[in-house]
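Taking it in order: structure first as structure tokens, then the write-up.
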Amino acid sequence: MKNRILAGAALLGALALVATGCASSGNGAGGDGGDELVTVGFAQTGSESGWRSANTESMKEAFSEDNGFELIFNAADNDPAAQIAAVRDFISRGVDAIVIAPIVEDGWDDVLQEASDAGIPVVLEDRTVTSSDDLYASWVGLDFKKEGVTAGEWAAENFGDTPTKMVVLEGTTGSAPANDRAEGFDEGIEGTAIETIDSQTGDFTRDGGKTVMEGFLQKYGVDGIDLLYAHNDDMALGAIEAIEAAGGVPGEDIKIVSIDAVHDGMQALVDGKINFIVECNPLLGELAAGLVTDVLDGNDVEKENYLEDQSFTQEQAAEVIDSRAY
Ligand code: GYE
């Protein structure tokens, strides 16, 4: 089997496996105090969004000294060249393993080959790369295309036959979630009367979403836009500020669908300012740490490990918002 889907009981099982894997670890990642710490270099994208903060926290918790790791953390501020330089630095320091959340999909062949030549295993978390999967040990994350399809299907159900003018706030250009969420959404709205009148990157940030939305509003006016698809909640939250500043009512004059389901996004959904959110779970730390431990122990691991996502209407968000972990 090339991949597995981690959901519900399966996910609990996987976490249990992670725990057992740690306890019996022969490489020191067991937290039993006596062994040396396993050194892991983690190349994070940056700190662009609420999703990213939750992901970083989850990774730092899982790769803690208590769990037998020494984590060398780097956040590249969304700069692909800086991220590759960070990975090269991990290689020259001779870390035991490298974890990467790749900012963009392309451009990884050389540095992944260098890690492989140095005998340092690489685990990818969150975003994917276009390099051959021989160049890394494993990946854990979410199905971004499916998230886009789910968002698109919601739009199709709610606007399908009505001529609808849509603007899109894209994630970071060249990133796996921006590429896949665009492709999935287009698939979801195929055959409908929804027309994309403009689409630009807001770089997954609140400021980016606000600035690009201000431009859209200047060009088309509140009345010229019916629907906004934002590739993440933070850009939707920035756009909400822009719509309100232009005298519009977000969630009514302009309907909004976004992806992530981080706390502030869910609050805006409950408040009626966003209309639908597709979840993207950022809590990947334990699974990534389990994969690193397994790989270093020489255990077989799946190449692709998917977590399941849910989605929320305004009513569903109101029911769950207080019990969410991020
Ligand atoms: O949706 C966005 C973040 O790669 C899935 O990156 C992640 C995306 C997430 O900045 O908020």
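Counting starts at 1 for both ligands and their atoms, in listed order.
Within the structure, ligand 1 has R181 among the residues with a heavy atom less than 4.0 angstrom away. Not a single heavy atom of I259 lies less than 4.0 angstrom from ligand 1.
For atom 10 (O) of ligand 1, the nearest non-hydrogen atom of the protein is E48 OE2, 2.5 Å. Looking from atom 6 (O) of ligand 1 to the surrounding protein, the closest heavy atom is R127 NH2, 2.9 Å. Remark: minimum distance from atom 1 (O) of ligand 1 to any protein heavy atom is reached at D260 OD1, 2.6 Å.
For ligand 1, the polar-atom distance check finds an N/O of D126 within less than 3.5 Å of one of the ligand's N/O atoms.
Of the possible polar contacts, none joining the D260 side chain to the C280 backbone as a donor-acceptor pair under 3.5 Å is found. A donor-acceptor contact shorter than 3.5 Å links the side chain of K303 to the backbone of Y136.
Less than 4.0 angstrom separates some heavy atom of P177 from each of these atoms of ligand 1: 4 (O). Close contacts of ligand 1 with C280, meaning ligand atoms under 4.0 Å from a residue heavy atom, involve 5 (C). Listed by number with element, the atoms of ligand 1 under 4.0 Å from a non-hydrogen atom of R52 are 3 (C), 4 (O), 6 (O), 7 (C), 8 (C). The ligand atoms of ligand 1 that sit less than 4.0 angstrom from a heavy atom of F144 are 5 (C). Counting atoms of ligand 1 from 1 in the listed order, those under 4.0 Å from a heavy atom of S49 are 2 (C), 3 (C), 10 (O), 11 (O).
Judged by the 6.0 Å distance and 45° axis criteria, K60 is positioned over the aromatic ring of F73.
Between the side chains of S138 and E302, no donor-acceptor pair of N or O atoms lies under 3.5 Å. Using modelled atom types and a 3.5 Å distance limit, the side chains of T205 and D234 yield no donor-acceptor pair. If you check the side chains of Q44 and T56, you find a donor sitting under 3.5 Å from an acceptor.
Nearest-heavy-atom check against atom 2 (C) of ligand 1 across T205, N232, T45, V262 picks out N232.
Pairs passing the ring pair (Phe, Tyr, Trp, His ring centres under 6.0 Å) check and including a residue from residues 223-245, sequence neighbours excluded, read F185-Y229, Y229-H231.
If you chain together hydrophobic residues whose side chains sit under 4.5 Å apart, L112 and I91 fall into the same group.
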